[in-house]
Amino acid sequence: MLVLGIESSCDETGVALVDASGQNVPRLLSHALFSQIDMHQAYGGVVPELASRDHIRRVLPLTREVMQGAQRSLAEVDVIAYTRGPGLAGALLVGAGVACSLAASLGKPVMGVHHLEGHLLSPFLSADPPEFPFVALLVSGGHTQLMRVDRVGSYELLGETIDDAAGEAFDKSAKLMGLPYPGGPHLSKLALGGDGAAFKLPRPLLHSGNLDFSFAGLKTAVLTQAKKLGAELDSRKADLAASTQAAIVEVLVKKTLAAMSQTGLKRLVVAGGVGANALLRGQLNAACKQRGIRVHYPELEFCTDNGAMIALAAGMRLQAGLVNLQVLQKGYTFDVKPRWNLAELQREPALAG
Ligand code: KG4
Ligand code: ZN
């Protein structure tokens, strides 16, 4: 069964084709991505209207590229999947509109996918996929969550951020330091030449006794420190970047280890853009090795937004029998869900079938 996936929730247009035949993990046949980062950089962040317009320009050429790359025709596609949410409403509508129009013209079923489920399952695209059950640390630009995952479609929230996401903490702190958008990769690169212990920054909720996070106070502390440094900031920027990164990573690692102890599970999946961070990976790997925990990451190219994880999540839902194709086939009306809790997924009639 061939599943075409379209991702357009934020500033990346991604399209991919997977083969979800049988019960093996869906196999990625081809994928293509266009990142709008260069366009948004001039504004220091994503401009939603520009994002939507660019998705419109990219999505069909990328789809053609994917079909050519896989040497398949659209007529051979069995299901078309798109990111239904969460994300920017206008951007989501582009993917949803194109997916539904394509599906209607081909007479094929169409399926809305939860973006975070895509991130969560993205390590299944790697050569050494995880086994269920596992704990997932989801760290993206908009979300910071710890989940217990028992199988496809079974996601129990263990803890989450009460304000900013970890990626947001990276991005906002980087912006305060005058670094380009998106701040995460730029800040971590700058941090390589700095001392993570140079400045004492807060580790919010580190000892809260639960698995929730809070990062809003950190950027205020970074701002205060930057102001204090004044003209000295330029020469101490690498130290400030390293200290900021150390604070974010320490909280993520401590809470993740607490989630591992609480659940007693021995497998961890780290997904979302911040999962590309080298310090986070290094510290998690070392701590998990000591405790006999296997850590799985998506391939680096599938850490940030992409179409492959959307096609994969749709394929895995179909294989798990969570989606009733007959229900999907009934109509091509669509909506998008800019705000959408992953735990609500179990209760979605259109997806559960
Ligand atoms: O998952 P993603 O591509 O998009 C969302 O769904 O939000 O994550 C993007 C986030 C941004 O905040 C970006 O700064 C962060 O991931 N990021 C990183 C790194 N690479 C991307 N943060 C820290 N270190 C990195 N190497
Ligand atoms: Zn994402």
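Every heavy atom of this structure was used, including side-chain atoms; hydrogens, water molecules and symmetry mates were not.
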Student: Do Tyr297 and Leu284 make a side-chain contact, defined as non-hydrogen atoms from C-beta onward lying under 4.5 Å apart?
Tutor: yes
Student: Count I, L, V, M, F, W, Y as connected when their side-chain heavy atoms are under 4.5 Å apart, and connections chain through other members. Are Leu62 and Leu2 then in the same cluster?
Tutor: yes
Student: To the nearest 0.5 Å, how far apart are OG in Ser8 and CG in Asp54?
Tutor: 11.5 Å
Student: Should Leu158 and Thr263 count as side-chain neighbours, where that means a heavy-atom distance under 4.5 Å?
Tutor: yes
Student: Taking all non-hydrogen atoms of both residues, which atom of Phe213 and which atom of Leu211 are closest, and how far apart?
Tutor: CE1-O, 3.5 Å
Student: I need the Ser243 OG to Arg236 CZ distance, nearest 0.5 Å.
Tutor: 8.0 Å
Student: Kindly give the heavy-atom pair with the smallest separation between Gly194 and Ala242, and that separation in Å.
Tutor: C-CB, 3.6 Å
Student: Is a side-chain N or O of Glu65 found less than 3.5 angstrom from the main chain of Ala32, in a donor-acceptor match?
Tutor: no
Student: Using only atom types and a distance under 3.5 Å, with no angle test, would you say the side chain of Asp195 pairs donor to acceptor with the backbone of Asp239?
Tutor: no
Student: Keeping Glu76 on the side-chain end and Ser73 on the backbone end, is there a donor-acceptor pair under 3.5 Å?
Tutor: yes
Student: Please step through side-chain contact (heavy atoms from CB on, under 4.5 Å) for the pair Val110 and Val79, ending with a clear verdict.
Tutor: CA-CA 6 Å; Val110 68; Val79 178; over 6 Å; no
Student: Taking ring pair (Phe, Tyr, Trp, His ring centres under 6.0 Å) as the definition, give me every residue that meets it alongside His55, ordered by chain and number, with sequence neighbours left out.
Tutor: none
Student: Show the nearest heavy-atom pair for residues Leu268 and Leu137, with the distance to one decimal.
Tutor: CD1-N, 4.3 Å
Student: Got a sec, which residues hit salt bridge (charged side-chain N to carboxylate O under 4.0 Å, His left out) with Asp38, two or more places apart in sequence or on another chain?
Tutor: none
Student: Relative to the ring of Trp340, is the ring of His114 parallel (under 30°), tilted (30 to 60°) or perpendicular (over 60°)?
Tutor: tilted
Student: Quick test of your reading: applying salt bridge (Lys or Arg N to Asp or Glu O under 4.0 Å), list the pairs with at least one residue in residues 110-119, sequence neighbours left out, ordered by first then second residue.
Tutor: Glu117-Arg317
Student: Between Asp150 and Arg148, is there a side-chain N and carboxylate O pair less than 4.0 Å apart?
Tutor: yes
Student: Could you list the donor-acceptor pairs under 3.5 angstrom formed by side chains in residues 217-234, with sequence neighbours left out?
Tutor:
residue: Lys219; atom: NZ; partner: Asp164; partner atom: OD2; Å: 3.0
residue: Thr220; atom: OG1; partner: Ala216; partner atom: O; Å: 3.4
residue: Thr224; atom: OG1; partner: Thr220; partner atom: O; Å: 2.8

Student: What's the spacing between Leu265 CG and Met260 CE if we round to 0.5 Å?
Tutor: 6.0 Å
Student: Treating Ile, Leu, Val, Met, Phe, Trp and Tyr as nodes and any side-chain heavy-atom pair under 4.5 angstrom as an edge, say whether Ile293 and Val269 lie in one connected cluster.
Tutor: no
Student: side-chain contact (heavy atoms from CB on, under 4.5 Å) between Ile310 and Ile6: does it pass, once the steps are laid out?
Tutor: CA-CA 7 Å; Ile310 301 305; Ile6 298 175; over 6 Å; no
Student: Any chance you could measure Leu318, atom CG, to Asp78, atom CG, to the nearest 0.5 Å?
Tutor: 9.5 Å
Student: Write down the atom of Leu88, the atom of Cys10, and the distance for their closest heavy-atom approach.
Tutor: CD1-CA, 4.1 Å
Student: Any salt bridge (Lys or Arg N to Asp or Glu O under 4.0 Å) involving residues 97-114? Give me the pairs, sequence neighbours left out, ordered by first then second residue.
Tutor: none
Student: By the salt bridge (Lys or Arg N to Asp or Glu O under 4.0 Å) test, which pairs, at least two apart or in different chains, include something from residues 291-313?
Tutor: Asp128-Arg294
Student: What's the verdict on side-chain contact (heavy atoms from CB on, under 4.5 Å) for Met316 and Leu322, showing C-alpha distance, side-chain angles and the deciding distance?
Tutor: CA-CA 9 Å; Met316 289 181 79; Leu322 292 171; over 6 Å; no
Student: Checking side-chain contact (heavy atoms from CB on, under 4.5 Å) for the pair Leu257/Cys288: CA distance, chi angles, key distance, verdict?
Tutor: CA-CA 8 Å; Leu257 294 176; Cys288 287; 4.3 Å; yes
Student: Would a single hydrophobic cluster contain both Leu342 and Met111, if residues Ile, Leu, Val, Met, Phe, Trp and Tyr are joined by side-chain heavy-atom contacts under 4.5 Å?
Tutor: yes
Student: Under a 4.5 Å side-chain heavy-atom rule over Ile, Leu, Val, Met, Phe, Trp and Tyr, are Leu157 and Val152 clustered together?
Tutor: yes
Student: Does anything in residues 241-268 pair up under salt bridge (Lys or Arg N to Asp or Glu O under 4.0 Å), and if so which pairs, sequence neighbours excluded?
Tutor: Arg203-Glu250, Glu250-Lys254
Student: Which side chain to side chain donor-acceptor pair (under 3.5 Å) pairs, counting each pair once, include a residue from residues 181-193, with sequence neighbours left out?
Tutor: Asp11-Tyr181
Student: Please, which pairs that meet ring-ring contact (aromatic ring centres under 6.0 Å, His included) have at least one residue in residues 7-38, sequence neighbours excluded?
Tutor: His31-Phe302
Student: Quick check: do Pro26 and Gln319 have side-chain heavy atoms less than 4.5 Å from each other?
Tutor: yes
Student: Decide yes or no for Lys172 and Leu176: does some side-chain heavy atom of the first lie under 4.5 Å from some side-chain heavy atom of the second?
Tutor: no
Student: Answer yes if the side chains of Glu12 and Asn306 hold a donor-acceptor pair under 3.5 Å, and no otherwise.
Tutor: no
Student: Using the rule that Ile, Leu, Val, Met, Phe, Trp and Tyr join whenever any side-chain heavy atoms are under 4.5 Å apart, tell me whether Leu179 and Leu279 fall into a single cluster.
Tutor: yes
Student: If I take atom CZ from residue Arg58 and atom CG from residue Leu33, how far apart are they, to the nearest 0.5 angstrom?
Tutor: 11.0 Å
Student: How many angstroms lie between CG in Leu240 and CG in Leu190, if you round to the nearest 0.5 Å?
Tutor: 9.0 Å
Student: Side chains of residues 92-107: which donor-acceptor pairs under 3.5 Å do they make with residues two or more places apart or in other chains?
Tutor:
residue: Ser101; atom: OG; partner: Gly97; partner atom: O; Å: 2.5
residue: Ser105; atom: OG; partner: Ser101; partner atom: O; Å: 3.3
residue: Ser105; atom: OG; partner: Leu102; partner atom: O; Å: 2.8

Student: Would you check if Phe215 and Thr144 make a side-chain contact, meaning some heavy-atom pair closer than 4.5 Å?
Tutor: yes
Student: Is there side-chain contact between Gln145 and Leu116, with heavy atoms separated by less than 4.5 Å?
Tutor: yes
Student: Within the 4.5 Å heavy-atom criterion, are Pro133 and Val149 side-chain neighbours or not?
Tutor: no
Student: Do the non-hydrogen side-chain atoms of Pro182 and Ile37 ever get within less than 4.5 Å of each other?
Tutor: yes
Student: With sequence neighbours left out, which residue pairs that include part of residues 130-176 fulfil the ring-ring contact (aromatic ring centres under 6.0 Å, His included) condition?
Tutor: Phe124-Phe132, Phe132-Phe134
Student: Quick one: do Lys175 and Asp171 make a salt bridge, cutoff under 4.0 Å?
Tutor: no
Student: Kindly write out the residues that satisfy salt bridge (charged side-chain N to carboxylate O under 4.0 Å, His left out) with Arg64, not counting sequence neighbours, or none if the list is empty.
Tutor: none
Student: Looking only at heavy atoms, which two atoms of Ala166 and Val139 are closest? And how far apart?
Tutor: CB-CG1, 4.1 Å
Student: Taking all non-hydrogen atoms of both residues, which atom of Leu50 and which atom of Met39 are closest, and how far apart?
Tutor: O-CE, 3.5 Å
Student: Ignoring hydrogens and angles, state whether a donor on the side chain of Glu7 or Ser9 is under 3.5 Å from an acceptor on the partner side chain.
Tutor: yes
